[in-house]
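Just so we're clear, the structure is a prediction, and the values are computed from it rather than from any experiment.
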Number of protein chains: 2
Amino acid sequence: MENRLERIKKQLHAQSYKLTPQREATVMVLLEHEEDHLSAEDVYLLVKEKAPEIGLATVYRTLELLTELKVVDKINFGDGVSRFDLRKEGVNHSHHHLVCIECGAVDEIQEDLLGEVEKIVEKDFHFKVKDHRLTFHGICHRCHGQSAVKEEADPSLAGNV
Amino acid sequence: MENRLERIKKQLHAQSYKLTPQREATVMVLLEHEEDHLSAEDVYLLVKEKAPEIGLATVYRTLELLTELKVVDKINFGDGVSRFDLRKEGVNHSHHHLVCIECGAVDEIQEDLLGEVEKIVEKDFHFKVKDHRLTFHGICHRCHGQSAVKEEADPSLAGNV
DNA sequence: ATGCATGCAAATACTTTGCATAAAC
DNA sequence: GTTTATGCAAAGTATTTGCATGCAT
């Protein structure tokens, strides 16, 4: 965790940005909630616990900065909010998501399943792939087979949105 | 074109919705701009040419309805707007997109390249896939190789956003 | 001192909603 | 005549921006 913060600090410095206490608190929240897909508002509320004086605008500005630096990916599941997803270290593309249409849970696939597909895109469509966004919509393993008890599916117990 | 409108009309009627003149005008705009990725506002402006009295709210409501009926897909490229993309007939999933980071053009891949990947997702992640969203970010065939003349890339001549 | 970063409030952008009217069945 | 759809305006969200202040070099 510490070294990831350090690395991000270096990335900031490399572009002559500072790791201010507010930015550090924001990054820490993201590191601590790596599995989640937090909206700017979510991040704001969590950062406030560490740095109560922080403003929402600063959080937005920090998330924008981190997106630029490719520390996080700004993703969108079709509800009206952008969510921010920490990239794994050394990984140069956004990972995949599984959105459950029953319970709303969002799970991640870290493994890159698009290698072959990207080759086809580059060859057949003459498109130089730099990054990708892949989301599947369907029924997650928790909801699967329990369509009879749909109503009881509890997203809070399941994957994180 | 006519038959596609007819088919959409039937889909509406099947759920006891009406094909009002406003809805028809909206659908016609979508059919005429199949290659584009129009925002609600874009659709509104185009529909106004056919039906000047239409209100923006009606366009939003119609697009929402068409999304429900899976006539269109509501997609999002990360700029703050939802865009609406007509599904091909008989196709039951969203098609793929190629977003050029140089010129902003968005091209489509109609062919489904995810068959194998979905099998893996279903087997290894126990996730029943119902639909998907796949977007590649990179350099399109028009911009490719002309990085020296970047500034001259003209999205209006290229694919449509 | 200078420049970057912050907090707050105001502004903007997009989308949804309430409600009275109008059209369709 | 009852339901469904529309247009307008108002309200809601999400996000961005302006600006005075603060912090760090």
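Side-chain rings of B:Phe125 and A:His141 stay apart, their centers remaining 6.0 Å or farther from each other.
Atom CG of residue B:Leu46 and atom CD1 of residue B:Ile54 lie 11.5 Å apart, to the nearest 0.5 angstrom.
Five base pairs at each end of the helix from C:dA1-D:dT25 to C:dC25-D:dG1 define two local axes, and these are offset by 20° (rounded to 10°).
Per the geometry, CD belonging to B:Gln15 stands 12 Å off P belonging to D:dA5, to the nearest Å. Note: CG (A:Asn76) to P (C:dT15) measures 11 Å, nearest angstrom. Rounded to an integer number of Å, the gap from B:Leu12 CG to D:dT4 P is 14 Å. In this structure, CG of B:Leu63 is placed 12 Å from P of D:dT6, rounded to the nearest angstrom.
Contact annotation: the side chain of A:Met28 approaches that of A:Leu31 to within less than 4.5 Å [non-hydrogen atoms, C-beta and beyond].
Taking the six-membered ring where tryptophan is involved, the planes of B:Phe77 and B:His37 are perpendicular, since the angle between them exceeds 60° and thus also 30°. Ring planes of B:His132 and A:Phe136: perpendicular class, angle over 60° (limits at 30 and 60°).
Sorted pairs that involve residues 12-22 of chain A and meet side-chain hydrogen bond (donor to acceptor under 3.5 Å, both in side chains), not counting sequence neighbours, are lacking altogether.
Residue B:Gln22 places at least one side-chain N or O closer than 4.0 Å to OP1 or OP2 of D:dG7. Contact annotation: B:Thr20 side-chain N/O to D:dA5 OP1/OP2 distance is not under 4.0 Å.
A:His97 pairs in a side-chain hydrogen bond (donor to acceptor under 3.5 Å, both in side chains) with only one of the listed residues (A:Thr135, A:Asp85, A:Asp107), which is A:Asp85.
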Sugar-phosphate atoms are those with a prime plus P, OP1 and OP2; base atoms are the rest. Using that split, label each nucleotide of nucleotides 8-25 of chain D B, S or - for protein heavy atoms under 4.0 Å, 5' to 3'. B-----SBBBB-------
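Heavy atoms only, all atoms of each residue included: B:Arg87 and B:Arg4 are closest at O-NH2, 3.2 Å.
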